Amino acid sequence: MRDRFAPSPTGQLHIGGGRTALYNWLLARKEGGAMVLRIEDTDRERSTPENVEQILDALRWLELSWDEGPLSQAERIGRHEACIAGLVESGHAYADEGAVRLRVPDEGETVVSDVIRGDVRFPNRSIDDFVIARSDGSPLYNLAVAVDDLDMGITHVIRGDDHLSNTPRQVMILQALGAQPPVYAHLPLLYGPDGKKLSKRHGAASVQELRDAGYLPEAVRNYIALLGWGLDETTTFMTTDELIANFSLERVSRNPAVFDEQKLRWMNGRYMRELPVEQLQARIEAMSGREVPREAVEISQEKMQTLVDFWPLAGFLVDRPDGYDQKAWDKVMVDGSAERLEAARKAIEAAEPFGPESIEEGLRGLVERLGVKPKEVFQPIRVALTGTTVSPGIFESVAALGREEALARIDAALQHARGGA
RNA sequence: GCCGCCAUCGUCUAGGGGACUAGGACGCCGCCCUCUCACGGCGGAAACCGGGGUUCGAAUCCCCGUGGCGGUACCA
């Protein structure tokens, strides 16, 4: 069993393309077959080395490896031209104003056997004698694809639904060449939330945009696998091994799917929470190119949905905030807040041994003595430390910051409250 | 125009004649937990595109309509 992923290099890899690659990869793994990576680059203008690299880049990030290739379709032009000549010679094709057209019968029908759609029948009279070679002799897409799939021994063609209407043409070329068509599987297309084709204005539309938004490749794989395929009525989380073991083309859905980034966020958050702290830390560091304290990761892990969420949440543990969010300050620093912060400072200073437990003990004791609500004490500390009203747990945050730095930031806030610089 | 594909909660889907007062998940709403934001727990609202058939019985099968999408290029 051999399948192929055959993108045309037009820029970043579209999420739909990522899913097509995933399905091809899953099936090849499951069947113990091979996946060929073939670049459909017969359109020389669009097919720049940079664009090809974008495809490979996305595939590598998704951790989808190919067994052969990347093969260049354009480099096989000699073979394509030979086939065109052969087709003319055998009478299956003829020259027309310099171009070459395939002879399509007026009667009968061409059947595309599709695992997902069943047998799709196309009346031959609805298909014109189509061009397989330009007047300069260069081969056209349908011919190149058919010849390549044949030569490469492809048994399963898994691709987007937008290719279904062109498939009878490829089948005709194969038949004219005396070959059996492969098994086809046309995947439903992916759309944006507005029902239109998924594009940049929907947020992330490409695999690399997903990566840059802080998603984990394993979460992306799990999510997009479920876009048009499902195991049963309840299974949602599957490891890659489980995906491989369970995948089947027969269970691929026929209707188009809308890419829902909110659901991906949720799923990604679940994956992040299940990661060992060291691993999560390593990923945050790899993505940002900066070192971050393990403790900072530990106390914010359950609050993040993506890798980039780390910074607004726990960035204050890496860099001292350069100011206070005005809204946060106004909301929290009301009458008496400065006094409570002052008292909290003493409690933190006295915490011994310095850690979350002793800090909690001291701060809760203060709340008790003052007879105020916990947040009336905790929020001013939070603003002093982070500049905002959002952070991991306050005791853990103070502890992670360290006594000296925590006290310094509180002092700065107190000064700010008194109208100082 | 012609050819083709598709049609279940807002979204992803389960369903392949009786198990359906249509199940799960995201999102949404409410409650609980709570130092903020989250996590988590509990509960709730929310769908079979329309019309004809077939059948004792249709979300499931057939036809028509409607809608969405794709193809129809000397693009891929």
Side-chain angles (χ1 to χ4, degrees), chain A residues 6-10 39-43 45-47 73 96-101 109 112 114 116-118 120-128 130-142 144-145 160-169 186 188-191 193 195-197 223-224 226-237 251 253-267 269-270 273 300-305 309 312-313 328 331-332 360 363-364 367 373-383 386 388-397:
Chain A
S8 49
T10 55
I39 309 294
E40 315 263 275
D41 54 356
T42 52
D43 182 349
E45 276 87 81
R46 284 193 284 183
S47 305
Q73 186 161 66
D96 176 38
E97 295 189 37
V100 178
R101 291 179 182 275
E109 59 183 17
V112 174
D114 189 295
I116 299 169
R117 322 267 161 189
V120 185
R121 329 186 87 89
F122 295 84
N124 288 337
R125 55 172 173 69
S126 70
I127 299 173
D128 296 327
F130 57 97
V131 178
I132 55 176
R134 299 184 180 91
S135 43
D136 67 0
S138 62
L140 252 13
Y141 171 75
N142 284 129
V145 168
D161 196 24
D162 48 339
H163 291 283
L164 181 57
S165 296
N166 268 323
T167 306
R169 293 179 176 79
H186 286 93
L189 263 20
L190 247 38
Y191 295 95
K196 298 277 177 59
K197 224 172 174 162
Y223 175 69
I224 64 179
L226 260 21
L227 239 33
W229 173 83
L231 174 59
D232 53 35
E233 37 191 75
T234 51
T235 306
T236 304
F237 288 91
R251 284 194 66 83
S253 161
R254 278 174 310 271
N255 33 348
V258 172
F259 177 78
D260 180 9
E261 192 169 346
Q262 290 205 97
K263 191 161 185 174
L264 206 212
R265 286 188 69 84
W266 163 79
M267 182 170 274
R270 292 277 304 253
R273 263 167 262 136
S300 50
Q301 181 169 25
E302 67 173 19
K303 296 172 187 293
M304 296 185 275
Q305 285 193 306
D309 284 350
L313 194 62
K331 186 180 175 192
V332 171
E360 172 159 16
L363 256 21
R364 288 217 189 268
V367 167
K373 290 181 194 152
K375 66 170 152 188
E376 290 181 276
V377 169
F378 299 161
Q379 285 297 69
I381 302 173
R382 198 176 324 263
V383 170
T386 73
T388 73
T389 52
V390 177
S391 84
I394 197 66
F395 316 122
E396 294 78 6
S397 293

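Predicted, not measured: the structure shown is a model, and the values here were computed from it.
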Determine the Euclidean distance between corresponding [atom1] atoms of [M] and [N]; express it in Å to zero decimal places.
N	M	atom1	value
B:rU72	B:rC64	P	25 Å
B:rG40	B:rU34	C1'	11 Å
B:rG71	B:rU55	P	41 Å
B:rC39	B:rA47	P	26 Å
B:rG52	B:rG57	P	15 Å
B:rA14	B:rC37	C1'	35 Å
B:rC6	B:rA45	P	34 Å
B:rG65	B:rG27	C1'	34 Å

Nucleic acid footprint by protein, nucleotides 15-31 of chain B - heavy-atom cut-off 4.0 Å, B for base, S for sugar-phosphate alone | S-------BSBBS----
NA contact type, A:G160, heavy-atom cut-off 4.0 Å: base, sugar-phosphate, or nothing?
->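 Nothing: the residue A:G160, judged by heavy atoms under 4.0 Å, touches no strand.
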What nucleic acid atoms does A:E302 come within less than 4.0 Å of, heavy atoms only: base, sugar-phosphate, or nothing?
->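 Base contact - A:E302 has a heavy atom under 4.0 Å of at least one base atom.
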[X] [atom1] to [N] [atom2], straight-line distance once rounded to whole Å:
X	N	atom1	atom2	result
A:E376	B:rU34	CD	C1'	16 Å
A:W229	B:rC12	CH2	P	17 Å
A:H163	B:rA76	NE2	C1'	7 Å
A:N124	B:rU72	CG	P	17 Å
A:I132	B:rC75	CD1	P	14 Å
A:Q379	B:rC35	CD	P	11 Å
A:F395	B:rU34	CZ	P	12 Å

Residue [X], side-chain heavy atoms: nucleotide from [options] that is nearest:
X	options	value
A:L189	B:rU36, B:rG70, B:rG71	B:rG70
A:R273	B:rC39, B:rC12, B:rC74	B:rC39
A:N166	B:rU72, B:rC35, B:rC12	B:rU72

With [X], which residues qualify under side-chain hydrogen bond (donor to acceptor under 3.5 Å, both in side chains), at least two apart?
X	answer
A:E40	A:R38, A:Q73
A:R134	A:S138
A:T235	A:D232
A:N142	none

State, with a plain yes or no, whether a side-chain heavy atom of A:W266 is found less than 4.5 Å away from one of A:Y223.
->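 A side-chain contact under 4.5 Å is absent here.
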Any side-chain heavy-atom pair from A:L227 and A:K263 closer than 4.5 angstrom?
->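 Not in contact.
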Would you please name every residue forming a salt bridge (Lys or Arg N to Asp or Glu O under 4.0 Å) with [X], sequence neighbours left out?
X	result
A:R251	none
A:D96	A:R101
A:R121	A:E109
A:E233	none

Sub-3.5 Å pairs of nitrogen or oxygen atoms, protein against nucleotides 3-9 of chain B:
residue	atom	partner	partner atom	Å
B:rC5	O2'	A:R117	NH1	2.7
B:rU8	OP2	A:N255	ND2	3.2

Is the distance from OP1 or OP2 of B:rU72 to the nearest side-chain N or O of A:R169 less than 4.0 Å?
->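 No, outside the criterion.
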With A:V367, which residues qualify under side chain to side chain contact (heavy atoms under 4.5 Å, CB included), at least two apart?
->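 Here the qualifying residues are A:P374, A:V377, A:F378.
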Show me the protein contacts with nucleotides 49-51 of chain B, counting only N or O atoms at under 3.5 Å.
none

Donor-acceptor contact below 3.5 Å, side chain A:D114 vs main chain A:H186 |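 Indeed, once roles are kept as given, a pair shorter than 3.5 Å links the two residues.
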